[in-house]
J.: 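The structure follows.
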Amino acid sequence: MFLMKERVQGVTDELRELYQAVCPSSIGHMTDFGFITSLKPFQKDFHFVGNAVTVQLPHMDSIAIHKAIDVVQPGDVLCVNTCNEYDRAPLGELVGYSYKKKGVAGIIIDGCITDVKALQAMDLPIFCRGVSALTTRSVGIEGMINVPIAIDNVVIKPGDLVVADDDGIFVVDPEFAKEYGERAVAKQNGEPATKKRIDAGESLPHINGNYKYFEKA
């Protein structure tokens, strides 16, 4: 069965602006939820934030990822689950080029990519599981667009906020995104002052209070 639901705009302009300054690793100090850890960045030195558009592929059939090109809007993040199809690549030069022209912020795919040189030249941020010359097919089995999917046991809903950089990916419901974002920015803004204290000779365990765990009874 093919199913395409309406695109969900969950990320506000306010959240998008806030998360331009947020590193996922800063949020990694606050929660264990929402981190996709098994996928690797295809490029280096990047940061993106956007509104999730999701795709569910049934193993070797890639029709849904093609149709989703008509669904995404500028600033969206395409999130693809391949049903554990890790041998075939549903994303190559032409598909990547099409999403690049639509202005997506980035692509997260729980699977492989192909046409490596062409994708590198596009400067399109991609997270993937690997590279394969074996590709998917357009065989008309089934596919779903804008339904909840899961990668690394992280549920991604259409309209969720996705922020990513070289360190990894964090996915969060927009309802909770502002609190995490503000706490992350505050933490990052405090780091220069902490470095100055370290430069002045203070010990990091004494600055952050961790020395107390080693105090003698």
J.: When rounded to the nearest 0.5 angstrom, what distance separates NZ in Lys117 from CE in Met122?
T.: 14.5 Å
J.: Would you check if Lys178 and Leu15 make a side-chain contact, meaning some heavy-atom pair closer than 4.5 Å?
T.: yes
J.: Does the Gln56 side chain pair with the main chain of Pro58, one donor and one acceptor, at a distance under 3.5 Å?
T.: no
J.: Could you tell me which non-hydrogen atom of Ala64 sits nearest to which non-hydrogen atom of Gly143, and how far apart they are?
T.: CB-CA, 4.0 Å
J.: Please determine whether the number of non-hydrogen atoms from other residues, nucleotides or ligands lying under 6.0 Å from atom CG of Asn153 exceeds 12.
T.: no
J.: By the rule that ILVMFWY residues connect when side-chain heavy atoms come within less than 4.5 angstrom, directly or transitively, which residues belong alongside Ile151?
T.: Met1, Leu3, Ile36, Leu39, Phe46, Phe48, Val77, Ile108, Phe127, Met144, Val147, Ile149, Val154, Ile156, Val162, Ile169, Val171
J.: Which pairs with one or both residues in residues 62-88 pass salt bridge (charged side-chain N to carboxylate O under 4.0 Å, His left out), sequence neighbours excluded?
T.: Arg7-Asp76, Lys67-Asp70
J.: Would you say the side chain of Pro24 lies within less than 4.5 Å of the side chain of Val163, judging by non-hydrogen atoms?
T.: yes
J.: Residues in side chain to side chain contact (heavy atoms under 4.5 Å, CB included) with Ser138, at least two apart?
T.: Ser62, Ile63
J.: Scan for side-chain hydrogen bond (donor to acceptor under 3.5 Å, both in side chains) pairs involving residues 162-175, sequence neighbours excluded, and state none if there are none.
T.: Lys157-Asp173
J.: With clusters defined by side-chain heavy atoms of hydrophobic residues (ILVMFWY) lying less than 4.5 Å apart, directly or transitively, does Val71 cluster with Phe2?
T.: no
J.: With a 4.5 Å limit on heavy-atom distance, are the side chains of Val80 and Leu57 in contact?
T.: yes
J.: Could you check if a side-chain atom of Pro74 sits within less than 4.5 angstrom of a side-chain atom of Val104, using non-hydrogen atoms only?
T.: no
J.: Partners of Cys128 by side chain to side chain contact (heavy atoms under 4.5 Å, CB included), sequence neighbours excluded?
T.: Ile109, Ile113, Ile126
J.: If hydrophobic clusters are built by linking Ile, Leu, Val, Met, Phe, Trp and Tyr wherever their side-chain heavy atoms come under 4.5 Å apart, do Ile65 and Val116 end up in the same one?
T.: yes
J.: Residues two or more places apart in sequence or in another chain: which of them pass side chain to side chain contact (heavy atoms under 4.5 Å, CB included) with Ala68?
T.: Val55, Leu78, Tyr99, Ile145
J.: How about CZ on Phe33, more than 12 heavy atoms from neighbouring residues, nucleotides or ligands closer than 6.0 Å, or not?
T.: no
J.: Could you tell me which residues satisfy ring pair (Phe, Tyr, Trp, His ring centres under 6.0 Å) with Phe42, sequence neighbours excluded, listed by chain and number?
T.: none
J.: Give a yes or no on whether Met4 atom CE has more than 12 heavy-atom contacts from other residues, nucleotides or ligands under 6.0 Å away.
T.: no
J.: To the nearest 0.5 Å, what is the distance between CD (Glu93) and CG (Asp115)?
T.: 5.5 Å
J.: Just grab all the side-chain hydrogen bond (donor to acceptor under 3.5 Å, both in side chains) pairs involving residues 36-49, residues at least two apart or on different chains.
T.: Ser38-Arg129, Ser38-Asp152
J.: Does the side chain of Glu179 come within less than 4.5 Å of Arg183's, by heavy atoms?
T.: yes
J.: Between the side chain of Asp160 and the main-chain N/O of Ala52, is any donor-acceptor distance below 3.5 Å?
T.: no
J.: Checking the side chain of His59 only, and the main-chain atoms of Asn84 only, is there a donor and an acceptor separated by less than 3.5 Å?
T.: no
J.: If you group Ile, Leu, Val, Met, Phe, Trp and Tyr by side-chain heavy-atom gaps below 4.5 Å, do Leu119 and Ile69 land in one group?
T.: yes
J.: Please check: side-chain N/O of Thr194 versus main-chain N/O of Gly190, any donor-acceptor pairing under 3.5 Å?
T.: yes
J.: Is Tyr97 reachable from Leu124 through a run of hydrophobic residues whose side-chain heavy atoms are each under 4.5 Å from the next?
T.: yes
J.: Under the rule for side chain to side chain contact (heavy atoms under 4.5 Å, CB included), what residues qualify as partners of Val139, not counting sequence neighbours?
T.: Asp61, Arg137, Ile141
J.: Anything under 3.5 Å between a donor and an acceptor, one on a side chain of residues 16-23, the other on a protein residue two or more places apart or in another chain? List them.
T.:
from  : atom 1 : to     : atom 2 : distance (Å)
Arg16 : NH1    : Gly75  : O      : 3.3
Tyr19 : OH     : Ala177 : O      : 2.6
Tyr19 : OH     : Gly181 : N      : 3.2

J.: Report the distance from atom CD of Gln188 to atom OG of Ser26, rounding to the nearest 0.5 Å.
T.: 3.5 Å
J.: Quick one: hydrophobic cluster around Val155, which other residues, with the 4.5 Å side-chain cut-off, linked directly or via members?
T.: none
J.: When Glu202 is tested against each of Lys195, Arg197, Lys196 for salt bridge (Lys or Arg N to Asp or Glu O under 4.0 Å), which residue passes?
T.: Arg197
J.: With sequence neighbours excluded, what pairs up with Glu142 under the salt bridge (Lys or Arg N to Asp or Glu O under 4.0 Å) test?
T.: none
J.: Mark yes when over 12 heavy atoms from residues, nucleotides or ligands other than Asn189 sit less than 6.0 Å from its CG; otherwise mark no.
T.: yes
J.: Rounded to the nearest 0.5 Å, how far does OG1 of Thr135 lie from CG of Leu91?
T.: 11.5 Å
J.: Any side-chain to backbone donor/acceptor pair from Thr54 onto Cys79? Under 3.5 Å, distance only.
T.: no
